[in-house]
Amino acid sequence: MVKQYEIYWVALDPTLGSEINKVRPCLVISPNESNQFLNTVLIAPITSKIRNFPMRLGIILENKNGQICLDQIRCIDKIRLKAKIVTLGKNDIEKVKNLLKEYLIN
């Protein structure tokens with residue numbers, strides 16, 4: 001089962017306009033209850049193009065600097081998921097939760 005805060009390689013194409021594209025790492029942010037029963041998951045793409053945006057969280061993934069793009073959250077079918085890379089660490093999970101709350105709720 002796909003679990004919240006796991007990072008997978010995801011095939012995002014086809015896309016339109018300014019949507020992040022190609023096969024890239026993505027963080028699963030949908031809760032496990034949804035992931036267990038639905039054929040879709042909510043993901044946030046990860047990019048190596050570093051931008052000074054307040055809704056992006058810097059991480060190190062496979063020894064490279066990257067950012068989780070909370071401004072590019074989208075729902076995808078699980079068939080887009082490829083190989084699992086890693087599960088996000090507890091410290092970064094708390095940062096994601098806080099940033100999501102600040103960005104989407106406050």
Side-chain angles (χ1 to χ4, degrees):
M1 183 183 94
V2 175
K3 294 185 179 173
Q4 189 176 38
Y5 303 118
E6 291 179 333
I7 297 175
Y8 285 84
W9 287 104
V10 178
L12 295 174
D13 290 331
T15 58
L16 296 172
S18 298
E19 297 170 347
I20 289 182
N21 61 357
K22 69 183 183 178
V23 175
R24 68 175 60 246
C26 294
L27 175 68
V28 176
I29 58 176
S30 50
N32 290 335
E33 295 79 17
S34 296
N35 298 338
Q36 182 178 358
F37 297 108
L38 300 177
N39 291 326
T40 56
V41 291
L42 198 59
I43 56 96
I46 299 172
T47 184
S48 59
K49 190 172 190 176
I50 307 301
R51 304 236 183 187
N52 191 20
F53 295 162
M55 71 293 284
R56 293 198 176 181
L57 177 66
I59 62 166
I60 297 175
L61 183 62
E62 296 185 329
N63 296 318
K64 295 180 185 175
N65 290 326
Q67 287 183 319
I68 300 170
C69 304
L70 298 178
D71 56 305
Q72 290 273 341
I73 292 171
R74 69 181 84 175
C75 184
I76 62 162
D77 194 287
K78 289 178 183 173
I79 62 174
R80 290 183 179 269
L81 297 174
K82 305 303 177 195
K84 178 182 166 186
I85 302 170
V86 70
T87 300
L88 203 60
K90 289 182 182 185
N91 192 29
D92 285 331
I93 289 171
E94 286 306 312
K95 290 178 184 177
V96 168
K97 287 179 180 182
N98 290 333
L99 192 52
L100 279 169
K101 182 179 176 186
E102 182 180 320
Y103 182 54
L104 298 175
I105 298 170
N106 291 340

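The first residue in the sequence is number 1, and the count goes up from there.
For CD of Glu102, the number of neighbouring non-hydrogen atoms (other residues, nucleotides, ligands) closer than 6.0 Å is 12 at most. Within 6.0 Å of CG in Asn52 there are 12 or fewer heavy atoms belonging to other residues, nucleotides or ligands. Applying the 6.0 Å contact sphere to NZ of Lys3 captures no more than 12 heavy atoms from other residues, nucleotides or ligands. Few gaps surround CG on Leu104; more than 12 heavy atoms of other groups in view lie less than 6.0 Å from it.
Between Ser30 and Val28, the closest side-chain pair of non-hydrogen atoms falls below 4.5 Å. Inter-residue side-chain proximity for Ile60 and Asn65 is flagged as met; some heavy-atom pair is nearer than 4.5 Å. At a threshold of 4.5 Å between non-hydrogen side-chain atoms, the residues Met1 and Asn32 count as touching. Taking the side chain as every heavy atom from C-beta outward, Glu19 and Leu12 never approach each other to under 4.5 Å. Contact of the Asn106 side chain with the Lys101 side chain is registered, since non-hydrogen atoms from C-beta on lie closer than 4.5 Å. Between Pro45 and Gln72, some side-chain heavy-atom pair lies under the 4.5 Å cut-off. Between Leu99 and Ile68, the closest side-chain pair of non-hydrogen atoms is not below 4.5 Å.
In this structure, Leu81 CG and Trp9 CH2 are separated by 13.5 Å, a value rounded to the nearest 0.5 Å. Atom NZ of residue Lys95 and atom CG of residue Leu88 lie 9.5 Å apart, to the nearest 0.5 angstrom. Here the straight-line distance linking atom CD of Glu94 with atom OH of Tyr5 works out to 8.0 Å at 0.5 Å rounding. Note that CD1 of Ile93 is 12.0 Å distant from CG of Asn98, once rounded to the nearest 0.5 Å.
Side-chain atoms of Gln67 come within 3.5 Å of backbone N or O of Arg51 as a donor-acceptor pair. Proximity of a side-chain donor or acceptor of Arg80 to a complementary backbone N or O of Val23 within less than 3.5 Å is not detected.
Linking ILVMFWY side-chain heavy atoms closer than 4.5 Å, directly or via other members, places Ile46 and Val86 in a single hydrophobic cluster. Follow the hydrophobic side-chain contacts under 4.5 Å out from Ile59 and you reach Val96 in the same cluster. Linking ILVMFWY side-chain heavy atoms closer than 4.5 Å, directly or via other members, places Ile43 and Ile7 in two distinct hydrophobic clusters.
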Show your working on side-chain contact (heavy atoms from CB on, under 4.5 Å) between Leu42 and Ser34 and close with a plain yes or no.
CA-CA 9 Å; Leu42 198 59; Ser34 296; over 6 Å; no
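Taking all atoms of both residues into account, the shortest heavy-atom contact from Arg74 to Ile20 is NH2-O, 3.0 Å. Considering every non-hydrogen atom in both Thr40 and Lys78, the closest pair reads O-CE, 4.2 Å. Minimum heavy-atom separation, Cys69 to Ala44: O-CB, 3.8 Å. Closest approach of Asn35 and Val41 over heavy atoms only: OD1-CG1, 3.4 Å. The two residues Asp92 and Leu57 make their nearest non-hydrogen contact at O-CD2, 4.0 Å. Closest of all the heavy-atom pairs between Arg56 and Lys49 is NH1-O, 4.2 Å.
Checking Ile85, Leu27, Val2 one by one against Tyr8, the side-chain contact (heavy atoms from CB on, under 4.5 Å) holds for a single residue, Val2.
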